[in-house]
Amino acid sequence: MKMNKKIIIVGVGETAELALDYFRNDSEYEVAAFVAELTYLQKHPQLQTIDSVPVIALDSILENYPPNKYQAFVAMSYVRLNHDRAKFYNLLKSMGYSFASYVSSRIYVGSNVSIGENCFIFEDNILQRNVTIGDNVILWSGNHIGHRSVIKDHVFLSSHVAVSGFCVIEEYSFLGINSCVGDNVTIATENFIGGGVTIMKDTKPGEIYRAPIAKAERLKTNIVFGF
């Protein structure tokens, strides 16, 4: 695939390195630089490149990578319930940058699906018809988003999350691995839905849901498992 568009990646952590890998191998974007705050770089003077890509201070991006020549991509996880990612997204937006999205070539997209900017959508996601994905959303690998569901801005879905039809996931929420949302359910803003949790009714803002922790029992060696 010919890379004819250039971007800067905001972030220097694991999510940023993953973004570099995906953009390099499955997009038309070339990553020109990584961006971090000057105070962070001063504490980590050895961090000058990541996989041969230069790391530069946020203060210098307008001079060296102006928004009329480069797009931005904020690659951060769900730290502080996505507020850190939203902070830098809004900051670069105020600086005049437009944003790339990475959407894997190995997903299913139904008819009339809308995907916003600065989204990171990994492989094996299923977006059924009339799904709306907002801005600055991360969908890790293997999620199912049911028909006419809406994922709003600054949301993070971990792997193998099942969102049924006609659902709404409000801003700044996180859904953990193997969680499940029933039909016509709204997950309120700033919710943390833990791994393996099933939600079958609307939630309220600022709630956290955890699945029961499995309890270990002593395995009896005289029990035969399987055949």
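Here the structure is a predicted model, which means the values were calculated and not measured. Basis for what follows: all heavy atoms, side chains included, without hydrogens, waters or symmetry-related copies.
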Only pairs under 3.5 Å count here: list side-chain donor-acceptor contacts from residues 126-139, not counting sequence neighbours, and write none if there are none.
{"from": "Q128", "atom 1": "OE1", "to": "H147", "atom 2": "N", "distance (Å)": "3.1"}
{"from": "N130", "atom 1": "OD1", "to": "N112", "atom 2": "ND2", "distance (Å)": "2.5"}
{"from": "D135", "atom 1": "OD1", "to": "E117", "atom 2": "N", "distance (Å)": "2.9"}
{"from": "N136", "atom 1": "OD1", "to": "R85", "atom 2": "NE", "distance (Å)": "3.2"}
{"from": "N136", "atom 1": "OD1", "to": "N118", "atom 2": "ND2", "distance (Å)": "2.8"}
{"from": "N136", "atom 1": "ND2", "to": "H154", "atom 2": "ND1", "distance (Å)": "2.9"}

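Residues forming a ring-ring contact (aromatic ring centres under 6.0 Å, His included) with F73 (at least two apart in sequence, or on another chain): F23, F120. Under the rule for a ring-ring contact (aromatic ring centres under 6.0 Å, His included), the partners of F192 that lie at least two apart in sequence or sit in another chain are F174. Taking the side chain to side chain contact (heavy atoms under 4.5 Å, CB included) definition, one finds that S159 meets it with W140, S141, I177, sequence neighbours left out. With sequence neighbours excluded, the residues satisfying salt bridge (charged side-chain N to carboxylate O under 4.0 Å, His left out) with D84 are R80.
Residue pairs that meet the salt bridge (charged side-chain N to carboxylate O under 4.0 Å, His left out) test with at least one member in residues 100-116, sequence neighbours left out, do not exist here. Residue pairs meeting the side chain to side chain donor-acceptor pair (under 3.5 Å) criterion with at least one member in residues 208-217, sequence neighbours excluded, are E207-Y209. Residue pairs meeting the salt bridge (charged side-chain N to carboxylate O under 4.0 Å, His left out) criterion with at least one member in residues 136-150, sequence neighbours excluded, do not occur. For residues 170-180, the pairs satisfying side chain to side chain donor-acceptor pair (under 3.5 Å) are K152-E170, with sequence neighbours left out. Within the structure, ring-ring contact (aromatic ring centres under 6.0 Å, His included) contacts touching residues 36-56 (residues at least two apart or in different chains) are Y40-H44. Residue pairs meeting the salt bridge (charged side-chain N to carboxylate O under 4.0 Å, His left out) criterion with at least one partner in residues 45-60, sequence neighbours excluded, are R24-D51.
Considering only heavy atoms from C-beta on, N125 stays 4.5 Å or farther from L157 through its side chain. S104 places a side-chain heavy atom less than 4.5 Å from the side chain of D26. V12 is listed as a side-chain neighbour of I50, based on a closest heavy-atom distance under 4.5 Å.
Taken from CG in L175 to CD1 in I187, the straight-line distance is 6.0 Å, to the nearest 0.5 Å.
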Trace of the side chain to side chain contact (heavy atoms under 4.5 Å, CB included) decision for N143 with V163: CA-CA 8 Å; N143 300 296; V163 177; over 6 Å; no
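Checked against a 6.0 Å centroid threshold, the rings of Y22 and F122 count as neighbours.
In terms of modelled atom types and a separation under 3.5 Å, the side chain of D202 and the main chain of V185 share no donor-acceptor contact.
V74 shares a hydrophobic cluster with I8, V10, V35, I56, L58, I61, L62, Y65, Y70, M76, F88, Y89, L91, L92, M95, Y97, F99; the chain of contacts runs through ILVMFWY side chains whose heavy atoms sit under 4.5 Å apart.
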